[in-house]
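Here's the structure, in structure tokens; my notes come after.
None of the values given here were measured: they were computed from a predicted structure.
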Amino acid sequence: MKELTDNKSLIIGASSQLSRYMSPNIVRVSARNIPNFVWENVWENVYILFAEQRTSFSKMEYYKSDFYDVNYALTKQIFEKISCQNFVFLSTTELWNQCSGSISIETPFNFSQNYYTDSKLKITNYLLSEGDKVKIFYPFNFNSKFRKDTFLYKKIYESILNKKKISVGNLDFSRE
């Protein structure tokens with residue numbers, strides 16, 4: 001068995017942007033290859049920070065199974081198999097992407113349907129029905145130095161640093 005930290009917390013999604021801002025004492029694993037010690041322990045907190053979020057593919061039927069296999073099936077499988085006191089899941093404000101103005105947790109979901117949003121809604125609804133052990137957070141998009149090259153923030157940042165022209169593609173300012 002792997003030696004654990006005192007807090008016995010686990011992040012599944014080791015390479016996620018948000019993971020890099022959390023305590024370095026938290027155990028981290030990739031969702032792509034979960035080692036056996038994860039299943040052999042009882043965790044205080046399990047943070048689900050992985051997702052299939054290549055939203056540029058979210059309307060392409062070829063990628064449909066990627067979204068459902070990761071965002072719904074894998075998350076559900078982990079939830080049902082892991083032993084923990086708190087299961088912390090990040091849903092998404094994409095579920096409110098057609099709302100304007102402020103939103104709250106009571107605001108009904110109102111989103112442009114695609115495989116990403118549908119898969120996130122499906123797992124969110126499943127986890128909402130699973131009791132107090134589940135904590136769901138709805139993070140807003142944020143930027144950091146850990147963004148990948150495909151994100152607008154990273155493109156603009158690199159353009160400034162390297163003094164080169166870039167193409168940003170279609171911008172939907174009302175979404176942000």
Determine yes or no for a side-chain-to-main-chain donor-acceptor pair under 3.5 angstrom, with Lys120 supplying the side chain and Leu90 the backbone. yes

So Tyr115 and Glu61, do their side chains get closer than 4.5 Å, heavy atoms only? yes

To the nearest 0.5 angstrom, please state how far the CG atom of Leu95 sits from the OG1 atom of Thr107. 12.0 Å

What residues, two or more places apart in sequence or in another chain, satisfy ring-ring contact (aromatic ring centres under 6.0 Å, His included) together with Tyr63? Phe57

Using 0.5 Å steps for rounding, measure from the CZ atom of Phe67 to the CD atom of Gln53. 9.0 Å

Pairwise side-chain contact, Pro139 with Thr92, heavy-atom cut-off 4.5 Å (strictly under): no

Quick one: are Asn114 and Thr55 in side-chain contact, heavy atoms under 4.5 Å? no

Quick check for you: to the nearest 0.5 Å, what is the distance between Lys8 atom NZ and Cys84 atom SG? 11.5 Å

Looking at Asn41 and Trp43, would you say the former's side chain and the latter's main chain have a donor-acceptor pair under 3.5 Å? no

Mark yes or no for whether Asn97, through its side chain, and Thr93, through its backbone, hold a donor-acceptor pair below 3.5 Å. no

Of the non-hydrogen atoms in Tyr116 and Glu94, which two are nearest, and what is the gap between them? CE2-CG, 3.7 Å

Does a side-chain heavy-atom distance below 4.5 Å link Ser9 with Tyr47? yes

Has Thr117 got a side-chain atom pairing as donor or acceptor with Ser112's backbone, closer than 3.5 angstrom? yes

Kindly work out whether a path of hydrophobic side-chain contacts (I/L/V/M/F/W/Y, heavy atoms less than 4.5 Å apart) joins Ile123 to Ile12. yes

Starting from Val70, can I reach Met60 by hopping between I/L/V/M/F/W/Y residues whose side chains sit under 4.5 Å apart? no

Enumerate donor-acceptor pairs with a distance under 3.5 Å from any side-chain N or O in residues 129-137 to protein atoms, sequence neighbours excluded.
unit_1, atom_1, unit_2, atom_2, d
Ser129, OG, Tyr126, O, 2.6
Lys135, NZ, Asn86, OD1, 3.4
Lys135, NZ, Asp132, O, 2.4

Might you point out which heavy atoms bring Met22 and Arg28 nearest each other, and give the distance in Å? O-NH2, 3.2 Å

Once side-chain hydrogen bond (donor to acceptor under 3.5 Å, both in side chains) is applied, what residue pairs with a partner in residues 66-78 remain, sequence neighbours excluded? Arg54-Asp66, Asn71-Ser119, Lys76-Glu80

Using atom types as modelled and distance alone, determine if a side-chain donor or acceptor of Ser19 lies under 3.5 Å from a backbone N or O of Ala14. yes

Filter on ring-ring contact (aromatic ring centres under 6.0 Å, His included), then keep only pairs touching residues 87-109, sequence neighbours left out; what's left? Phe79-Phe87, Trp96-Phe109, Trp96-Tyr138

Using the test side-chain hydrogen bond (donor to acceptor under 3.5 Å, both in side chains), find all partners of Gln113 that sit at least two apart in sequence or belong to another chain. Asp118

Does some side-chain heavy atom of Ile34 sit less than 4.5 Å from a side-chain heavy atom of Ile78? yes

From CA spacing to verdict: side chain to side chain contact (heavy atoms under 4.5 Å, CB included), Leu49, Val88: CA-CA 9 Å; Leu49 302 184; Val88 181; over 6 Å; no

Phe111: partners by ring-ring contact (aromatic ring centres under 6.0 Å, His included), with sequence neighbours left out: none

Rounded to the nearest 0.5 Å, how far apart are CG of Leu121 and OG of Ser91? 7.5 Å

